[in-house]
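For reference, the structure discussed in these notes is given below.
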Amino acid sequence: MSDLKRGLGEAVQAAFADLGLPPDLGRVTVSDRPDLADFQSNGALAAAKQAGRNPREIATAIAERLAADPRLASVEIAGPGFINLKLTDAALAARAAQVAADPRAGAETVETPRRVIVDYGGPNVAKPMHVGHLRSSIIGESIKRLYRFRGDTVVGDAHFGDWGYQMGLLIGAVTDENPAIGAEVERLNAEGSTDEPVPAVFEAVTLADLDRLYPLAAARGKEDADYRDRARKLTAELQAKKAGAFLLWRRFAQVTQEALTRDFHALGVDFDLWKGESDADPLIPEMVAELAAKGLLEDDQGARIVRVAREGDKRELPPLLVVSSEGSAMYGTTDLATILDRRRTFRPDLVIYCVDQRQADHFEIVFRAAQLAGYAHPGQLEHVGFGTMNGADGKPFKTREGGVLKLSDLIDMTRAKASERLHEAGLGEDLTVDEFQETARKVAVAALKFADLQNFRGTSYVFDLDRFTSFEGKTGPYLLYQAVRVKSLLRKAEKEGASVGPIAVAEPAERDLALTLDAFNAALVEAYDRYAPNVLAEHAYRLAQSFSKFYAACPMLTAGLAVRASRLSLAGATLRQLELALDLLGIETPEKM
RNA sequence: GCGCCCGUAGCUCAACCGGAUAGAGCAUCCGCCUUCUAAGCGGACGGUUGCAGGUUCGAGUCCUGCCGGGCGCGCCA
């Protein structure tokens, strides 16, 4: 079952082939001029250019071959050689009926499913999530769901940032502040085992402590060489699995993961794997040996590196730093080892790194090194970068007090506002307290996620609290509102014994809704190919809007029997597709609001 | 200095391999609730797509140069 756009595309392409023209020029797109047509093909223009012929002539020849197509009410040539295609109401109705009958609401699956890993780019130990972390989790989650829905086998991995120099900094800062912990670390380093449980003294460490200490330690590490050297030494101790350092680190990871799990859960984001950089650590020795055996490793200024620069590069790309002069594994080391680990345990066809755009160079370096080492083919590793979130001043977002806004605070604020609005509107009064809370949570999450996902991931954007927590216009709550209206309508219809029936389209709003329903698959394909959830978000919004217009223009319960049955079918198809699209964006739909 | 990204309506963002009249939302103004949820619907206003060239039948989109902004450039992650 194919959507109309593709079906018509095949017909036009066949007509191009008939005329001895390149078939791929016969691509059909949704019309730019809905007043003139439903779909259009611009291929005659490109073909004319290639063949040195008159475009209108070619367009006319194509149109003659399409005239007999029973799906088309009209085929017209316009302007320099646009081919305008208008569908019959019957063809539209038939397609809408297909969508209505399809559990996948008209969405197809990929021909050859792949094994895919989505790497969420690592929330870090010791750093509570702030608004800057919204993007990787929201975009990553949506991409994961989208790929899975299209038929791929997908695993989402948090890729926890839990290894490296920052851990050494923290171990130093915490032991300095709390001598009891320091003494216990010393004792365990000397005579303990990493198999022991985390000692009770370490439980004094909270996420708030880490959050407070880390920026101080990082700043001091930058200006104080001795402090930095000590932190590096502690990092090396941790990576050498000294029991004291290791168990204290376990405590850091514990408290952080608890908080992160809570925040992610509130956002409806869940990982299939909660692996960390530390999990790749055991593979590092053999990986280093292998890199050396392959002749890829070079000694340079006391460190060991892999050179990845290529002939023809526009500038010199720095090498991958595999082993620091202190003997520590670096960011790129664990990333490369993780590629090796995944290759062995999952054999992915594709790994999607959903990470800040600023790390593009880093990934280019790691990916090149992976290819040199034979761990990956070109195209198998994709960095899907996203822009940064800035404040109204164009700089990274800060609260009025100058601090970062914690993600959990943002969610709470938005949820409180949603509750307030529900109360104001007198909505949800028949809900229990729990149901009401749950609805407010869903509204809040929808607002936050949709505000992010409607932007193309690659561009940076301004974080505006009012806009993020806005419930009117092109927002998540608008989409939920439309879905809930359909649900309410269908409940009422059921109570009145009204049933669905064959779909007919006649009114402009019905035609428009049917066309929008048809566009779902194309939106999914594009969002999938371009790693661009905003394409899907845009479709969901258009669908909600089409429905809202239809809802206003086409009464259902008061209509005649056949019309009512048809419109209820359209409403049902809309609901299913809208809920599916929202789910793929990671947005849950409440029953009532 | 070198490299990457960006510059679209007052604001925040879209725009499918280069196509017709560059679209939404917010804001402003005007209409629409005794009938299915008004968090809605309809309408108005709003543009030299940073500037200057070039390629093309056709450029927001491709090329060159400038201006403005963001980011990155091995021992943080």
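By convention in this document, chain letters (A, B, ...) are assigned in the order of the sequence lines, proteins followed by strands, and residues within each chain are numbered from 1.
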Donor-acceptor pair (no angle test) under 3.5 Å: [X] side chain, [N] base:
| X | N | result |
| --- | --- | --- |
| R467(A) | C11(B) | no |
| E472(A) | G40(B) | no |
| K49(A) | G19(B) | no |
| S325(A) | C75(B) | yes |
| D361(A) | G3(B) | no |
| Q40(A) | A20(B) | yes |

Discussion item. Given a 3.5 Å cut-off on both pairing distances, which stems involving RNA chain B, each at least three consecutive Watson-Crick or G-U pairs, are present, if any?
Written reply: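 Output for stems: B:1-7 with B:67-73, B:10-13 with B:23-26, B:28-32 with B:40-44, B:50-54 with B:62-66.
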Looking only at atom [atom1], what distance separates [N] and [M], rounded to whole Å?
| N | M | atom1 | value |
| --- | --- | --- | --- |
| A20(B) | G60(B) | C1' | 15 Å |
| C45(B) | C62(B) | C1' | 34 Å |
| A14(B) | A9(B) | P | 13 Å |
| G53(B) | U48(B) | C1' | 16 Å |
| C66(B) | C76(B) | P | 36 Å |
| C33(B) | A38(B) | C1' | 7 Å |
| C13(B) | U64(B) | P | 27 Å |
| C63(B) | C75(B) | C1' | 41 Å |

If we ignore angles and hydrogens, is there a donor and acceptor under 3.5 Å between the side chains of [X] and [Y]?
| X | Y | result |
| --- | --- | --- |
| Q40(A) | D32(A) | yes |
| S548(A) | R485(A) | yes |
| Y541(A) | Q482(A) | no |
| S460(A) | T388(A) | yes |

Tell me whether the side-chain N/O atoms of [X] come closer than 4.0 Å to OP1 or OP2 in [N].
| X | N | answer |
| --- | --- | --- |
| N84(A) | A20(B) | no |
| S488(A) | U37(B) | yes |
| T475(A) | C26(B) | no |
| Y478(A) | A38(B) | no |
| T29(A) | C16(B) | no |
| K314(A) | C4(B) | yes |

Base, sugar-phosphate alone, or nothing: which one does [X] contact when heavy atoms must sit under 4.0 Å apart?
| X | value |
| --- | --- |
| G79(A) | nothing |
| K417(A) | nothing |
| D32(A) | base |
| D35(A) | base |
| A360(A) | nothing |
| A48(A) | nothing |
| Q357(A) | nothing |
| M556(A) | base |
| F456(A) | sugar-phosphate |

Take atom [atom1] of [X] and atom [atom2] of [N], then tell me their distance rounded to the nearest Å.
| X | N | atom1 | atom2 | answer |
| --- | --- | --- | --- | --- |
| R457(A) | C5(B) | CZ | C1' | 12 Å |
| N42(A) | G18(B) | CG | C1' | 10 Å |
| Q13(A) | C17(B) | CD | P | 15 Å |
| R315(A) | C5(B) | CZ | P | 10 Å |
| H362(A) | C71(B) | NE2 | C1' | 16 Å |
| E364(A) | G74(B) | CD | P | 16 Å |
| D224(A) | C76(B) | CG | P | 14 Å |
| F547(A) | C36(B) | CZ | P | 13 Å |

The side chain of [X] is closest to which nucleotide in this list: [options]?
| X | options | value |
| --- | --- | --- |
| Q545(A) | A39(B), A24(B), G40(B) | A24(B) |
| N534(A) | C16(B), A15(B), A77(B) | A15(B) |
| M593(A) | A77(B), A39(B), G40(B) | A39(B) |

Discussion item. When you measure from the centre of the six-membered ring of F436(A), is the NZ or CZ of K592(A) closer than 6.0 Å and no more than 45° off the axis?
Written reply: no
Practice prompt. Tell me whether the guanidinium CZ or amine NZ of R457(A) lies under 6.0 angstrom from the six-membered ring centre of F386(A) and within 45° of its axis.
Written response: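 Negative - R457(A) is either too far from the ring of F386(A) or too far off its axis.
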Answer yes or no: is there an ion pair linking [X] with [Y], defined by an N-O contact shorter than 4.0 Å?
| X | Y | result |
| --- | --- | --- |
| D452(A) | R135(A) | yes |
| E298(A) | R304(A) | no |
| E510(A) | R567(A) | yes |

Worksheet item: Between D162(A) and K549(A), which is nearer to the 5' end of RNA chain B once each is assigned its nearest nucleotide?
Response: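 Its nucleotide being nearer the 5' end, the pick is K549(A).
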Worksheet item: Starting at the 5' end of RNA chain B and moving along, which residue's nearest nucleotide shows up first, E316(A) or R491(A)?
Response: R491(A)
Worksheet item: Does C17(B) adopt a syn or an anti glycosidic conformation, taking syn as a chi angle within 90° of 0?
Response: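 Syn, which is what one calls it when the glycosidic angle falls within 90° of 0.
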Worksheet entry | Glycosidic conformation of C33(B), taking syn as within 90° of 0 and anti otherwise |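 With its glycosidic angle within 90° of zero, C33(B) counts as syn.
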Discussion item. Please check this pair: side chain of D3(A) against backbone of R6(A), looking for a donor-acceptor N/O pair closer than 3.5 Å.
Written reply: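 Yes, D3(A) side chain to R6(A) backbone: donor-acceptor pair under 3.5 Å.
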Discussion item. Does the structure show Y541(A) stacking with A24(B), if we require the centres to be closer than 5.5 Å and the planes to be within less than 30 degrees of parallel?
Written reply: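 Given the distance and angle limits, no, they do not stack.
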Worksheet item: Does the side chain of D299(A) come within less than 4.5 Å of I305(A)'s, by heavy atoms?
Response: no
Discussion item. Does E277(A) form a side-chain contact (heavy atoms from CB on, under 4.5 Å) with F160(A)? I'd like the steps, not just the answer.
Written reply: CA-CA 6 Å; E277(A) 293 168 343; F160(A) 206 29; over 6 Å; no
